[in-house]
Structures are given as C-alpha cells and as structure tokens.
Amino acid sequence: MSRAPREDIDEGNVEVGHHKEYAAGVPGVYHALKVSYEQMGAQRTARTLLRLNQKDGFDCPGCAWPEKDHRHVAEFCENGAKAVAEEATRRVVDAEFFAKHPVSELDTKTDWWLGQQGRLVEPVIKPAGQDHYVPISWDAAFDLIATELRGLDDPDRATFYTSGRTSNEAAFVYQLLVRAHGTNNLPDCSNMCHESSGSALTQAIGVGKGSVQLDDLEQADLIVVMGQNPGTNHPRMLSTLEAAKNNGSVIVAVNPLPEAGLMNFHNPQTPKGVVGSGTQLTDDFLQIRIGGDQALLMAVAQLLLQNDEIIDHAFIAEHTHGFDEYAAHVKGLDFAELVGATGLTEQQVRSLADRFAASKKTIICWAMGITQHKHSVPTIHEIVNVLMIQGNLGRPGAGVCPVRGHSNVQGDRTMGIFEKMPDWFLDNLRQEFGFDPPRKHGFDVVDSLRAMRDGKIDVFMAVGGNFVRATPDSDLTEAALRKCRLTVQVSTKLNRSHTVCGETALILPTLGRTDKDVQSSGRQKVSVEDSMSRVHASHGRLTPASDLLLSEVAIICELAKRAVGDKVDVPWDEFRSDYRTIRDRISRVVPGFENYEAKLADPNGFTLPHATRSRQFPTKTGRANFAACPLEYPHIPEGRLLLQSLRSHDQYNTTIYGLDDRYRGIKNGRRVVFVNGDDLAELGFEDGEFVDIVSEWKDGVERRAPGFRIVRYDTAKGCVAAYYPETNVLVPLDSVADTSNTPTSKSVIVRFERVPVDA
Ligand SMILES: Nc1nc2c(c(=O)[nH]1)N[C@H]1C(S)=C(S)[C@@H](COP(=O)(O)OP(=O)(O)OC[C@H]3O[C@@H](n4cnc5c(=O)[nH]c(N)nc54)[C@H](O)[C@@H]3O)O[C@H]1N2
Ligand SMILES: Nc1nc2c(c(=O)[nH]1)N[C@H]1C(S)=C(S)[C@@H](COP(=O)(O)OP(=O)(O)OC[C@H]3O[C@@H](n4cnc5c(=O)[nH]c(N)nc54)[C@H](O)[C@@H]3O)O[C@H]1N2
Ligand SMILES: [Mo]
C-alpha cells in the first residue's frame, strides 16, 4: 500500500466549488504575478517574465507550444510564469538543509513540500548506509560515477534517463557519453508521454512528429482537439485557437471532461478578453468515454467512406498504401458497436462526420488523453486514416498535431535520446566520432524498471525529471530504485527521486533554462525544438542561485572525460568551453541542422524539414500507410470504473505548485476523485465521502491509493479522474500501450472502498 506522505496537507480542508467555464483572463494574470512575487521578489519577476519567449530571451520551460513571429510583449501564460517562478526562486536547499533533514525524514514529506524548499545549490552525496546527504566536491563526484561505470561487468547494467527540459546541446553530448560507454539504455519521459504518437506516425507517415505549423491552425476549416486540456497545459495554444476561430474555424473538443479552456477563453492580451465575454472556442463538445476515440474515428471514417464525392481519390492513389484493405475493414465494422463504445449519441457521431465532410482543411490535435491507453497506437493510426480519406496531409491548413509536453522533449529525441535510434543515426555518429556505437536496442522506461526490479541494473543516472514519481506502479518503482548500487540525479529542485534512491546517491545541481551560463569561452546559449519542429536559441539571464552550479553540458562533459575519455576521441573540454563546437558536430550528424550556428542567429530560429509537408512519406512502402487496425475499447466489469490520472491547474508534472485546481473548482487539496453523479447513485456512494481507490489488474496484486474525497463532477459515465502522481501507485507496470510500451495512465480499472469513519 502506498505510504504517500500527506501530513502537511489536511484533506479534511479541501473545498469544492463550481467548475469554471472559461480559462485565463484577468484572474490568470493575477495568479501568475502572485506566485512570481512570492518566489522571486518584484525586480527578478519583472526581469524574468519580460524575457520569457522573447527573441533574445529564454525559452519558457513550461510547455512546447511554439511562439508566433510577432510576439506580444508579455508572451507568457499563468502556468508558464509559475514554471519560471519555480526555477527562479530565491529559496535554496544547501548543506545546512541536508544536515537538518535526514533522508528518511525528507521521504515522509509531500511532493509539494519538497518542491517548495528551493533550488539545489551544491553537489551532495548520500554514502551507502548513511541517512544524510553531505557535500562532495565535483571532482570526487565525477570520479565516483566514472569508477562505478568502468567497473560494471556489462555496460547494459547502467541506465540513463532524460526529462524533456534538457537542451539540444546537453542531449547530444549525453547520448554520446552513453553510447561511448557502450549501451543504448536511454529511457526518457517521452516513453510515458508521446511515444505512442511517435510509434504510430513513424509507421504511418515516416516521421514521428506533427506536420502542422501555427499558420496551418489559423487557416484550418476544422480543428478537432482530442484528449487534451490546453487551458491548463498549453495555455498559449488558446490564443492560436482564438485566432483560428476568428478566421472562421470550427473547433470540436473530444474529452470526457468539459475542460474550462476548451469551452471559453478570456485572452488577457485583448480588450475583449479582459472586459468582455471572451471567445466561445468550442463549437461542439463531445463527452466521450475514456478510450472511445478509436471507435469514434472509425465511425466517422465509415460515414465518410459512404460519400464518394468527399474521398480524395487522387491523393489516395498517388501517395498512400493500403486504402482498399482499410476501407473494407472499416465498412465491415458494426456502426452500433462503434457508437456504443464512444458513449455518445448516434446524432453526435453523425454530426462530427458532417463537420469533417464540410471541411476542406482539417487538423487533429491530441495529447495524453490519446497516448496513454493500451490501444493508443491504433487510435493514432485512426487519426491519420481519417485525415487521409480527405487528403488532409501535406497541404496548408491540414495535418496531424500531437501537442508535446516538455519544452524540449521533441528536440531531445532529434538529438538521439532514444533507446532504439535508427541505424543511419548510429552510422553518422561512427562517421563523425570514429567509434562503433552499440546497435542492440536499449531499455525504455518500463524495461529499465523491470531490469532494476530484477537486479539487472547497478547504476541509474537521470538528467532532469523525477523518475520515481513520474513512473507507474509507485511501490514497485520505489523498491526497484532502492535496489541500484548508485543513483545519480542531475537536478534543479528537490524531489522524490532524491529521497527514494540507491545505496549510494548523488545529487548534482545544475543551471536551469533561466540561468546565465558562462563557460571559459564566454557566455553560452542553448537551443531547443518546439512542438512544430522549430529550433531556436534560448539565453538564460538570471544570476545562478550559487557559484557551485554547473551547466548540464559541463556536468556531462566532465563525467564523460573520466568515464569514457580513453575509449573515444571526443573533445569534451572543447565542447564544455564553447557550445558552438557541439552544434558544429550536430550539424554533421543530424539531418536538417546543416549551418546550425548561422540559422540559429535568426531570432525566430528555423524549422526542420518535415517530409509530410511536401507529401513525401519516408516509410517502408514509400507512401503514407493506411492501417486496418482491429477495433479496441475498454470493457469495464460490473461495479467498476475506469480511472484516468491527469494534471491539476497547479502542478507541472510531478512538481506541485499549490493545492488548488481553479478551473475544476477545487481548493486546498489534491486527493480528490471526480465521479459522474449517476455512477455515484448506482454504486451507492455520495459526494464528499472518503474512499480508497483500488485498481484491478490480471496479476491479482492489490494496488491501493488511500483516502480520496469523492467529488460529483460532469465526467463521462463510468469514467473517473484523479491527479497524477498521487494515483501512479494504481497503474500496473505491465499495463502498457501495445508497441509504444507507454504506461496506461489514462485507463486503469478501479473500485472504491469506503474508508471506515473511525479510520
Ligand atoms: N501547467 C502545466 N503545463 C504542462 C504540464 C503540466 O503538468 N502543467 N505538463 C506538460 C507535459 S509533460 C505534457 S505531456 C502536457 C500534457 O497535457 P495534457 O495531455 O492536456 O495533460 P493531462 O492533464 O494529462 O490531460 C489529459 C486530457 O485528456 C483527457 N482524456 C483522458 N482520457 C481521455 C480519453 O480516453 N479520450 C479523450 N478524448 N480524452 C481523454 C482528460 O480529460 C484531459 O483533459 O502538458 C505539458 N504542459
Ligand atoms: N499517472 C501518470 N503518470 C504520468 C503522466 C500522467 O499523465 N499520469 N504523465 C507522464 C508524462 S506526459 C511525463 S512527460 C512524465 C514527466 O516525467 P519527468 O519529466 O521525469 O518529471 P517532471 O515532474 O517534469 O520533473 C521535474 C523535475 O525536473 C527537474 N528539473 C526541472 N528543470 C530542470 C532542468 O532544467 N535541468 C535539470 N537537470 N533538471 C530539471 C527538477 O528537479 C524537478 O523536480 O510523467 C509521466 N507520468
Ligand atoms: Mo509529457
């Protein structure tokens, strides 16, 4: 049973109000400035927020939504400001802090408390058998890791995690270090995020990324937003949707929840948003059942295929493969079953098909509501299938738009952070650096955890992130991490992965995106790639929280010198002192980065080529592939519910900013579960009751998240929602998406158990 610490949050105090029907507006600006003042003070707030996403400023560490060329002076959103305030905080976690708090005590604190303690400011070690982190010199820390890595029987006994804030430069040197060490064990947050999108898109269109640009969205006839909550997680997307709306786009939201941002948007950058009624963004809201999206898209496809006039036969004949087989498959599906699986009415499904039929330019956007299910990969194939029926790929105003999470998660993958990078990339590395990178595929996140659990991993290293809280099956994950001989965390802030650690544990504090980065050749910039394949520079401006902080690039290069310096001929010192020398190598290894340095000088950056935009499809067939996938949807046993774990408005993944979820009407608490009123009546529970959530999986192991307050809420029938990471304990490690191996964080079968009143 999870011993999730909660002593500093009294869930008895949780307040439940009405959920909001619009996002942002003046309250958003107010909340943004309030958190910033608290963490940074007035001067640092002004200096920081004015530089956010500006041409000579730094890239917002919040999300991967692109910037427009013509930016507003304050191109930030409430949640971007919170992300910056978290990083630019003046509070610090120093040696004194660790002397005062043993690891065993820190482990009883909430994620919220840990994150609130401030920036990590010096390298520390928790020696084997000890309960305190104590200071260690950088040299001693690097020597220790290098000695461990060199002493391994097999290089595959180490695994190297990356979270998506790492810059292109740091990611490139990191994968080089890991491959020079001799393994492809490069799990990353993407394995839990858009891996399903990458898997399906690579097979379908030959490129694992979205094909649209901001301009496309602004000229689309129809935008379907599926499984995404942009009001909280990609607030700047709302400005784009508003612009599209003003140009006449129809917007359809497909979601089990009526998320505030999808309904109405009060844009704080416009007078109408500040004093008026805002913009009604969504034309149709389809309250789908969790996991019903593939069925919905198949039903739409079936209806579209009945109308020969709207099928783009020329596109299909010239550019695609497998249409006849696909069409026959979809026509053979039982329409009533498809509608039934969505939980929508037949009328709603037919009117969505009519929206498609009437549109000449359609874009489908999606995020975690689509990617974290067992059948996510076939669902994303169906997104592509439906678009292709009408030729909606590779023409203006149309295409696929997976909306990425972390601000450089897409760039990290481009730089080679992937456990199964294709051979051409490894060939390029060999050509450039004269060593043979390993070819055997490495471990992703889930496979790394299985290997740790089975005692097959001695060293775990992470550049960024919070591995132990982001991953599923928390009890198993914690035990797995504790089995490692050494864990190394390169981090900016304290988190659970520092308290749940290996026998020996190191915390290596690093500069964040907002910090000034000066190396021996002078001030450095880094670069990142947004959700739409645009690469641009980011310049940190703030004085770092401590003189002892090293940049991620510096940490990786210093470690590499000691761990693999004699194995490969790589100029680690030169890389560290001048990041231009790294970009020079990237320009020769990664296609699309030719003349990297020169192109980066353009303040708007440059856009990587995307074959789909010119209707090239570098797949195995040389064409865009229709995929005839079997229909799948969740089957929920009697008396059980389907749980999705999602983000509140006051968190960034595992970093908890506060205890409110303003748009959903929650104040002062996070252990809440949102349930449909009819389900409550049927199951005999009431709003306000406290229950344990217990998940059910075929391995028979009991996974329990204790003490959640039931909130009656407008969610699709049979579908409940609660926050991540509190509910990660309920997601079985082996419950993963087919092909992509992504944990099924959005579909877990659960039951409620009433908490006895005297408990
Ligand atoms: N402020 C803030 N910004 C963030 C983050 C953050 O934590 N905080 N995280 C970043 C990261 S890494 C990511 S990946 C993104 C995440 O961005 P989102 O994907 O928007 O994040 P979630 O909160 O997981 O929301 C999932 C949405 O999908 C819906 N959903 C769940 N199941 C289904 C389903 O079966 N079908 C459909 N159609 N919808 C479903 C949920 O109701 C919810 O609206 O945001 C990024 N930006
Ligand atoms: N149940 C459930 N689980 C999920 C999800 C879900 O929806 N439901 N979502 C999944 C998704 S989409 C993702 S992306 C993962 C997120 O997984 P992660 O990326 O591993 O988690 P984060 O919470 O984003 O990591 C936060 C930590 O990163 C460190 N950090 C922040 N900035 C920097 C930096 O610039 N450099 C370095 N070195 N460190 C930094 C700080 O120490 C901070 O504590 O979680 C996944 N897990
Ligand atoms: Mo993500």
Side-chain angles (χ1 to χ4, degrees), residues 61-65 77-80 82-83 86-87 111 114-115 120 161-167 170 188-194 225-235 253-257 259 262 286 288-293 296 366-373 379 403-407 409 445 462-472 489-498 507-515 552 555 634 642 644-655 657 715-716 719 721 723-731 742-743 745-748:
C63 74
W65 192 254
C77 65
E78 173 189 353
N79 278 347
K82 288 185 202 160
E86 276 286 315
E87 182 169 300
D111 298 307
L114 293 173
L120 295 158
Y161 179 67
T162 318
S163 163
R165 281 202 191 170
T166 303
S167 65
D188 73 337
C189 68
S190 195
N191 299 148
M192 300 177 273
C193 186
H194 265 293
V225 183
M226 306 185 85
Q228 197 199 342
N229 178 20
T232 287
N233 298 314
H234 304 91
V254 182
N255 202 304
L257 302 175
E259 304 285 29
L262 290 169
L286 301 182
I288 195 159
R289 242 183 232 154
I290 291 176
D293 303 84
L296 176 64
W366 72 92
M368 297 305 101
I370 297 297
T371 63
Q372 299 174 334
H373 302 282
T379 301
V403 182
R404 300 277 162 175
H406 267 301
S407 52
V409 62
V445 163
V463 174
N466 183 2
F467 188 78
V468 83
R469 284 308 258 162
T471 46
Q489 300 285 344
V490 178
S491 314
T492 52
K493 303 279 301 268
L494 198 62
N495 65 44
R496 181 78 50 217
S497 300
H498 306 120
I507 304 178
L508 306 181
T510 190
L511 299 177
R513 198 64 71 67
T514 52
D515 297 319
E552 288 177 352
I555 293 171
L642 195 60
Q644 60 147 323
S645 56
L646 79 183
R647 292 151 175 83
S648 83
H649 194 62
D650 251 1
Q651 74 184 81
Y652 192 91
N653 297 338
T654 70
T655 299
Y657 301 140
T715 170
C719 304
Y723 302 130
Y724 135 71
E726 286 80 353
T727 47
N728 288 38
V729 65
L730 299 172
V731 186
T742 296
S745 307
K746 296 287 188 282
S747 37
V748 182

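Order of appearance sets the numbers: ligands from 1, and atoms from 1 within every ligand.
- In Val403, neither the side chain nor the backbone holds a heavy atom less than 4.0 Å from any atom of ligand 1.
- Residue-ligand proximity, Tyr161 to ligand 2, at heavy-atom distances under 4.0 Å covers atoms 17 (O), 18 (P), 19 (O), 20 (O).
- Of the protein's heavy atoms, Arg647 N, 2.9 Å lies nearest to atom 23 (O) of ligand 1.
- Residue contacts with ligand 2, taken as heavy atom pairs separated by less than 4.0 Å, involve Thr492 via backbone and side-chain atoms alike.
- Nearest non-hydrogen protein atom to atom 11 (C) of ligand 1 is Gly405 CA, 3.3 Å.
- Here the protein heavy atom with the shortest distance to atom 8 (N) of ligand 1 is Gln651 O, 2.8 Å.
- For ligand 2, one of its N or O atoms has an N or O atom of Ala470 under 3.5 Å away.
- For atom 10 (C) of ligand 1, the closest non-hydrogen atom of the protein is Tyr652 OH, 3.5 Å.
- Taking the side chain as every heavy atom from C-beta outward, Met192 and Ser745 never approach each other to under 4.5 Å.
- The option with the heavy atom closest to atom 27 (C) of ligand 2, from among Ser167, Ser497, Gly465, is Gly465.
- Looking at ligand 1, you won't find any N or O of Ser645 less than 3.5 Å from one of its N or O atoms.
- Residue Ser491 has at least one heavy-atom neighbour below 4.0 Å for each of these atoms of ligand 2: 39 (N), 42 (O).
- Contact annotation for His649 and ligand 1: no heavy atom of the residue comes within less than 4.0 Å of the ligand.
- Nearest to atom 42 (O) of ligand 2 among the protein's heavy atoms is Lys493 O, 2.8 Å.
- Ligand 1 has an N or O atom lying under 3.5 Å from an N or O atom of Gly227, backbone or side chain.
- Contacts with ligand 1 closer than 4.0 Å are made by side-chain heavy atoms of Lys746 only, the backbone lying farther away.
- Among protein heavy atoms, atom 21 (O) of ligand 1 sits closest to Asn233 ND2, 3.0 Å.
- Residue-to-ligand polar distances place Asn495 within reach of ligand 2: an N/O pair is separated by less than 3.5 Å.
- Among all non-hydrogen protein atoms, the one lying nearest atom 9 (N) of ligand 1 is Asn653 OD1, 3.0 Å.
- When all heavy atoms of Arg513 and Arg165 are compared, the pair lying nearest together is NH2-O, 2.8 Å.
- On a distance-only criterion, Tyr657 and ligand 1 share no N/O pair closer than 3.5 Å.
- Atoms of ligand 1 found under 4.0 Å from any heavy atom of Cys193, numbered from 1 in the order shown, are 14 (S).
- Nearest non-hydrogen protein atom to atom 36 (N) of ligand 1 is Asp293 OD1, 2.7 Å.
- Near Ala367, the atoms of ligand 1 lying under 4.0 angstrom from a non-hydrogen atom of the residue are 19 (O).
- Of all non-hydrogen atoms in Thr510 and Glu552, the two that sit nearest each other are OG1-N, 3.2 Å.
- Counting heavy atoms from C-beta outward, Val254 and Ile288 have side chains that approach closer than 4.5 Å.
- Listed for the His194 side chain is a donor-acceptor partner under 3.5 Å among the backbone atoms of Val403.
- Heavy atoms of His194 stay at 4.0 angstrom or farther from ligand 1.
- Those atoms of ligand 2 with a heavy atom of Thr510 less than 4.0 angstrom away are 36 (N), 37 (C), 38 (N).
- Side-chain contact between Asn495 and Arg469 is absent, with no heavy atoms from C-beta onward closer than 4.5 Å.
- Taking every heavy atom of His234 and a limit of under 4.0 angstrom, the matching atoms of ligand 1 come to 15 (C), 17 (O), 45 (O), 46 (C).
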